[in-house]
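Working notes, structure below.
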There are 2 protein chains.
Amino acid sequence: MQDIQLSLTEEDYLKAIFNITEKNRGTASTNDIASSMQTSAAAVTDMVQRMASRKLLDYEKYKGVKLNSVGIAFATQLIRKERLWKVFLHQKLGMDWDKLNDAAEQLKHINTIEVIRKLELFLGSPKYDPHGEPIPNADGRFTLRNQTSLFNLRKTDRAKVVAVRNQSSSFLQFLDDCGISIGSQIEVLQEIDFDLSKRIMINDQTSIVFSSKICQDLYVKQLN
Amino acid sequence: MQDIQLSLTEEDYLKAIFNITEKNRGTASTNDIASSMQTSAAAVTDMVQRMASRKLLDYEKYKGVKLNSVGIAFATQLIRKERLWKVFLHQKLGMDWDKLNDAAEQLKHINTIEVIRKLELFLGSPKYDPHGEPIPNADGRFTLRNQTSLFNLRKTDRAKVVAVRNQSSSFLQFLDDCGISIGSQIEVLQEIDFDLSKRIMINDQTSIVFSSKICQDLYVKQLN
DNA sequence: GCATATATTTAAATTAGTTTAAAAATAAAG
DNA sequence: CTTTATTTTTAAACTAATTTAAATATATGC
């Protein structure tokens with residue numbers, strides 16, 4: 001990686017921008033960044049201008065922000081670190097999956113490269129974090145997986161839960177209550193046209209109705 | 001603990017002041033803090049005045065700084081976190097003991113209390129870190145140990161190395177080269193009046209001469 | 001195509017922490 | 001006890017990041 005030193009704040013901006021651009025065909029608006037960072041639009045404008053002058057991203061007035069290759073490289077390393085720490089917190093320390101993000105948020109700033117390399121080995125080079133999100137390798141490459149949201153499944157389809165899109169505590173705790181975790185088997189018993197909700201069988205044991213919002217927030221890998 | 005939020009910088013100051021006061025009968029001078037923090041005396045004066053107004057320490061113009069009970073409590077927690085992370089880095093990740101401090105420096109700022117509690121359990125509630133320094137428990141209590149510096153031993157005295165006072169990379173690497181680590185057995189073969197150096201037998205295998213400075217930087221527990 | 005609403009940027013002020021240089025206090029030495 | 005050296009504090013200025021309010025673009029409705 002480059003020998004550019006980022007402030008904690010710049011790191012947080014990069015990660016936020018990366019996440020937004022991922023869902024937004026490559027571009028992030030000032031307001032989206034501001035609400036994601038819990039700050040004002042004015043602060044964002046100021047910061048992205050400074051970051052653009054440091055060549056961390058591309059910025060055009062009133063047109064939003066795009067990460068360039070440098071910004072992507074940094075953001076990817078941040079995501080890598082954060083997700084490795086999430087695996088550590090969950091698998092080694094036994095922390096519940098609804099509390100991982102807050103703790104990993106701080107840990108992602110640890111920038112001793114040797115720590116991260118050794119952590120990865122210690123964890124057995126995991127490819128996915130406890131929420132099912134892919135962990136980029138040291139070169140920044142993600143392991144891709146064909147997945148779809150539960151929303152796209154049809155009646156009688158069977159699948160395995162591979163990731164959660166929404167990672168709010170409340171959603172994760174709700175999934176716990178339903179007995180759903182990464183790896184759970186599910187089957188669509190019924191599609192309810194009325195509100196696009198679905199009746200789902202979980203692990204061949206419990207049946208439950210999921211709203212369309214919930215279905216969208218669960219990523220699955222279709223089986224048969 | 002209190003619901004006071006400290007900045008990263010305030011945390012660093014507290015830890016530095018704690019370490020200085022430990023060796024300095026309870027008080028830390030502006031200059032000592034400045035050199036320990038690699039900053040200017042003016043910055044220190046400014047900072048300790050602000051910290052004093054936040055009741056984190058006692059400050060009297062031209063008289064230096066003393067930690068009060070609040071400051072001690074915070075500093076102790078920081079030291080607890082830092083030393084637990086050092087154990088993790090060394091025992092779990094296999095990091096060499098001359099590289100622990102830099103990495104733990106960053107990790108000590110992690111302030112998710114649950115992470116620290118679980119980390120402690122994961123590590124088996126160690127009482128000492130890889131440099132032999134005591135790890136305070138959650139209540140801030142240190143496990144004391146009777147130890148002395150190798151400097152104070154006399155001819156024929158036998159002892160076990162329990163801690164290193166100087167934790168610079170170069171000193172730790174030097175100890176590695178001598179085959180000395182925490183737990184090593186040593187015996188004083190000869191006291192050299194001339195310069196207060198000593199000839200030492202290490203683990204009943206190798207003999208080597210240590211300067212008085214080296215002897216002062218090694219803490220031991222006397223055996224017989 | 002204009003009026004309005006929304007999004008974004010600029011400007012000015014604020015805070016935490018820093019620096020350098022000058023001023024003041026303390027300590028040391030004759 | 002006075003001079004000098006050292007330490008510490010104050011003052012003024014600077015940087016990164018923020019806020020609020022005002023100004024300016026862009027987008028939308030009719």
Side-chain angles (χ1 to χ4, degrees), chain A residues 4-17 20-21 23-67 71 74-75 78 105-106 108-109 111, chain B residues 4-17 20-21 23-67 71 74-75 78 105-106 108-109 111:
Chain A
I4 303 174
Q5 262 298 29
L6 303 185
S7 69
L8 296 190
T9 314
E10 285 173 322
E11 291 196 336
D12 286 334
Y13 270 91
L14 276 184
K15 191 200 130 192
I17 292 167
I20 292 167
T21 54
K23 324 205 167 210
N24 233 32
R25 45 196 165 55
T27 173
S29 74
T30 302
N31 261 1
D32 285 354
I33 299 170
S35 76
S36 155
M37 297 283 300
Q38 313 238 63
T39 185
S40 67
V44 172
T45 298
D46 208 63
M47 188 62 171
V48 298
Q49 286 179 345
R50 267 178 292 128
M51 289 174 77
S53 78
R54 296 188 65 188
K55 311 279 184 208
L56 296 169
L57 46 79
D58 296 332
Y59 166 71
E60 215 182 330
K61 266 194 194 176
Y62 297 103
K63 295 284 175 62
V65 168
K66 290 184 211 302
L67 291 187
F74 274 111
L78 286 164
E105 172 64 29
Q106 306 169 36
K108 78 166 184 298
H109 295 295
N111 59 18
Chain B
I4 303 175
Q5 262 300 29
L6 302 185
S7 70
L8 297 190
T9 313
E10 285 172 322
E11 293 196 335
D12 286 334
Y13 271 90
L14 276 184
K15 191 199 130 192
I17 293 167
I20 292 168
T21 52
K23 324 204 169 211
N24 233 32
R25 47 195 164 55
T27 171
S29 76
T30 302
N31 261 2
D32 285 353
I33 299 170
S35 77
S36 155
M37 297 281 300
Q38 313 237 63
T39 186
S40 65
V44 172
T45 299
D46 207 63
M47 189 60 171
V48 299
Q49 287 178 345
R50 266 177 293 128
M51 289 175 77
S53 79
R54 296 189 66 189
K55 311 280 184 206
L56 296 169
L57 46 79
D58 295 333
Y59 167 71
E60 215 181 330
K61 266 193 190 179
Y62 296 101
K63 296 282 175 62
V65 168
K66 289 184 210 302
L67 291 188
F74 273 111
L78 285 164
E105 173 64 29
Q106 305 169 37
K108 77 166 183 300
H109 295 295
N111 60 17

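Lettering follows sequence order; numbering is per chain, from 1.
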Are OP1 or OP2 of [N] and a side-chain N or O of [X] less than 4.0 angstrom apart?
{"X": "Ser7(B)", "N": "dA16(C)", "value": "no"}
{"X": "Arg50(B)", "N": "dG17(C)", "value": "yes"}
{"X": "Asn31(A)", "N": "dT8(C)", "value": "yes"}

Main-chain N/O of [Y] paired to [X] side chain as donor or acceptor, under 3.5 Å:
{"X": "Ser36(A)", "Y": "Asp32(A)", "result": "no"}
{"X": "Glu11(B)", "Y": "Leu6(B)", "result": "no"}
{"X": "Gln106(B)", "Y": "Asn111(A)", "result": "yes"}
{"X": "Lys15(B)", "Y": "Asp12(B)", "result": "no"}

I would like to know whether Tyr13(B) and Thr39(B) meet side chain to side chain contact (heavy atoms under 4.5 Å, CB included); could you show each step before the answer?
CA-CA 11 Å; Tyr13(B) 271 90; Thr39(B) 186; 3.9 Å; yes

For the residue pair Arg54(A) and Glu10(A), establish whether any side-chain heavy-atom pair is separated by less than 4.5 Å.
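The answer is yes; the side chains approach within 4.5 Å.
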
Any non-hydrogen side-chain atom of Lys66(B) less than 4.5 Å from a side-chain atom of Glu60(B)?
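Result no, sub-4.5 Å side-chain heavy-atom pair not found.
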
Nearest-Å distance, [atom1] ([X]) to [atom2] ([N])?
{"X": "Met37(B)", "N": "dT18(C)", "atom1": "CE", "atom2": "P", "answer": "6 Å"}
{"X": "Gln38(B)", "N": "dT19(C)", "atom1": "CD", "atom2": "P", "answer": "11 Å"}
{"X": "Ile33(B)", "N": "dG17(C)", "atom1": "CD1", "atom2": "C1'", "answer": "15 Å"}
{"X": "Asp46(B)", "N": "dT20(C)", "atom1": "CG", "atom2": "C1'", "answer": "14 Å"}

For the pair Val48(B) and Thr30(B), evaluate side chain to side chain contact (heavy atoms under 4.5 Å, CB included) and give the outcome as yes or no after the intermediate values.
CA-CA 9 Å; Val48(B) 299; Thr30(B) 302; 5.8 Å; no

Which heavy atom of His109(B) sits nearest to which heavy atom of Glu105(B), and what is that distance?
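Looking at all heavy atoms of both residues, the closest pair is CD2-O, 3.5 Å.
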
Just the endpoints, please: which first and last nucleotides of DNA chain D, 5' to 3', lie under 4.0 Å from a heavy atom of chain A?
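On DNA chain D, the outermost contacted nucleotides are dA16(D) to dT26(D).
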
Provide a list of protein-nucleic acid N or O atom pairs under 3.5 angstrom, restricted to nucleotides 22-27 of chain C.
unit_1	atom_1	unit_2	atom_2	d
dA25(C)	O4'	Tyr62(B)	OH	3.3

Over all strands shown, is Ser40(A) touching base, sugar-phosphate only, or nothing at heavy-atom distances under 4.0 angstrom?
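Result for Ser40(A) = base.
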
Residue whose nearest DNA chain D nucleotide is more 5′ - Thr45(B) or Tyr13(A):
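So the residue in question is Thr45(B).
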
On DNA chain D, does the nearest nucleotide to Thr30(B) precede the nearest nucleotide to Met47(A) from the 5' side, or the other way round? Give the residue.
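Counting from the 5' end, the first nearest nucleotide belongs to Thr30(B).
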
Considering heavy-atom distances to DNA chain C, does Asp32(A) or Thr39(B) have its closest nucleotide positioned more toward the 5' end?
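Result of the comparison: Asp32(A).
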
